[in-house]
Number of protein chains: 2
Amino acid sequence: MKKRGTACTANELGRSACPIANTLNLIGDKWTLLVIRDLLFLGKRLYGELMQSAEGYPSNILADRLKRLEDAGLLEKHPYQHNPVRYEYHLTAKGTDMFPILREMILWGNKHIEGTTTPPPGFLDHFAQQIVGGRKKTGRKKG
Amino acid sequence: MKKRGTACTANELGRSACPIANTLNLIGDKWTLLVIRDLLFLGKRLYGELMQSAEGYPSNILADRLKRLEDAGLLEKHPYQHNPVRYEYHLTAKGTDMFPILREMILWGNKHIEGTTTPPPGFLDHFAQQIVGGRKKTGRKKG
DNA sequence: CGTTATGACTTTCAAAAAGAAAGTGACTAG
DNA sequence: CTAGTCACTTTCTTTTTGAAAGTCATAACG
């Protein structure tokens, strides 16, 4: 619960230079991708909103993951009030780029785990458009 | 290191019915996806081959993850010798369907983490062809 | 002024998981 | 008979988790 690092270059945690291994250094745990999901799909911004997520984050874990994600450059926090200072969190481009990973996990879960909820029609395309289509030249996937 | 479950229906571990949350119940840790990577991309089959992976699995962790993946139906083990019985491991269709998740992690890692190795040209398409194009009727991506 | 409430964390601590290393069982080779 | 190998399993110490309580700044109430 204490050590953190930027993890922006390979091998920082003693692993190989494999992009999968290095990506897992950031999101290879039970909670981190759920925080990203809440920020990306569910429009949550504040600590309290995230705490009310259906997943029931332990508060210390949530605080820790937000810090790690900030250190890794996947999210930024900005003060929305002073005295006491409170922050709102939002994903950076590096964070929203996680979308394709989330999307494939949704598709895999829907296909292979009974009882998982399916996003409404067009939901994923909407985000793909917004995130991938909106910021970069698009390219891969779907013609 | 002891409890295991099939986790083939949602909510088994007290989480929401979200497909991301439920997929993370299976692969939301540091090692599991690396084992799948070794089986899927690197052609490893035997316990000893997996142990020689660049990631350096602790042997007890590797044994545990293989069991969990088998319980979840992502891999099967088959004996390749008797006395003593030894097994070889290979992914099921449910396991190889993880490919798109791995692919997106490779792309994300290559884009955002300096120093990660890039697969050779055509590598991912090759697998997409083999796995997605080969087993199901799906999109066939280019004839 | 004193008390209660709220939001956003932080600290504490018991329990669970990870990980290093040594052990086990069934052989095979020398 | 002794040493070596493969595929795990067990033991044990360290680290991480996670439930719950605590903290801090401020607002609202009486």
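Below, each value reflects all heavy atoms present in this structure, side chains not excepted, and no hydrogens, waters or symmetry copies. Every chain is numbered from 1, with letters handed out A, B, ... down the list of sequences.
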Nearest-Å distance for atom pair CD/C1', residues E55(A) and dT17(D): 17 Å
Any donor-acceptor pair under 3.5 Å from T96(B) side chain to L91(B) backbone: no
Sugar-phosphate, base or nothing in reach of Y89(B), heavy atoms under 4.0 Å: sugar-phosphate
For atom CG of D29(A) and atom P of dA18(C), their distance in whole Å: 12 Å
Side-chain N,O (Y80(A)) to OP1/OP2 (dA8(C)) below 4.0 Å: yes
Atom-pair distance (CG on N25(A); P on dT16(D)), nearest Å: 13 Å
Phosphate-side-chain proximity, W31(B) and dA18(C), N/O vs OP1/OP2 below 4.0 Å: no
F99(B) and F41(B) aromatic ring geometry - parallel, tilted or perpendicular at 30°/60° bounds: perpendicular
Residue-phosphate contact under 4.0 Å: K30(B) side-chain N/O, dT16(D) OP1/OP2: no
Check: N22(B)/T116(A) side-chain N/O donor and acceptor closer than 3.5 Å: no
Short side-chain N/O contact to dA17(C) OP1/OP2 from R68(B), under 4.0 Å: no
Length of the line joining I61(A):CD1 and dA8(C):C1', which is rounded to integer Å: 16 Å
Atom-pair distance (CD on Q81(B); C1' on dA26(C)), nearest Å: 9 Å
Side-chain heavy-atom pair E55(B), S16(A) within 4.5 angstrom cut-off: yes
For atom CG of L62(B) and atom P of dA17(C), their distance in whole Å: 18 Å
Interatomic distance, Y57(B) OH vs dC8(D) P [rounded to whole Å]: 15 Å
Y47(B) side-chain N/O to R86(B) backbone N/O, donor-acceptor pair under 3.5 Å: no
5' precedence on DNA chain C between Y87(A) and P58(B) (nearest-nucleotide basis): Y87(A)
Residue pair D97(A) / K111(B): nearest heavy atoms and the distance that separates them: OD2-NZ, 2.8 Å
Any K67(A) side-chain nitrogen or oxygen under 4.0 Å from OP1 or OP2 of dT10(C): yes
Atom pair distance, as rounded to whole Å: CG in D64(A) and C1' in dT16(D): 10 Å
Note: D71(B)-K67(B) ion pair, threshold 4.0 Å (strictly below): no
Residues from residues 33-52 of chain A lying under 4.0 Å of DNA chain D - heavy atoms: none
N110(B) side chain to T117(B) backbone, donor-acceptor under 3.5 Å: yes
Modelled atom types, side-chain donor and acceptor of H78(A) and E76(A), under 3.5 Å: yes
Sugar-phosphate or base contact per nucleotide [nucleotides 20-26 of chain D; S, B, -; heavy atom under 4.0 Å]: BB---SS
Residues that H126(B) engages under side chain to side chain contact (heavy atoms under 4.5 Å, CB included), provided they are two or more places apart: Q130(B)
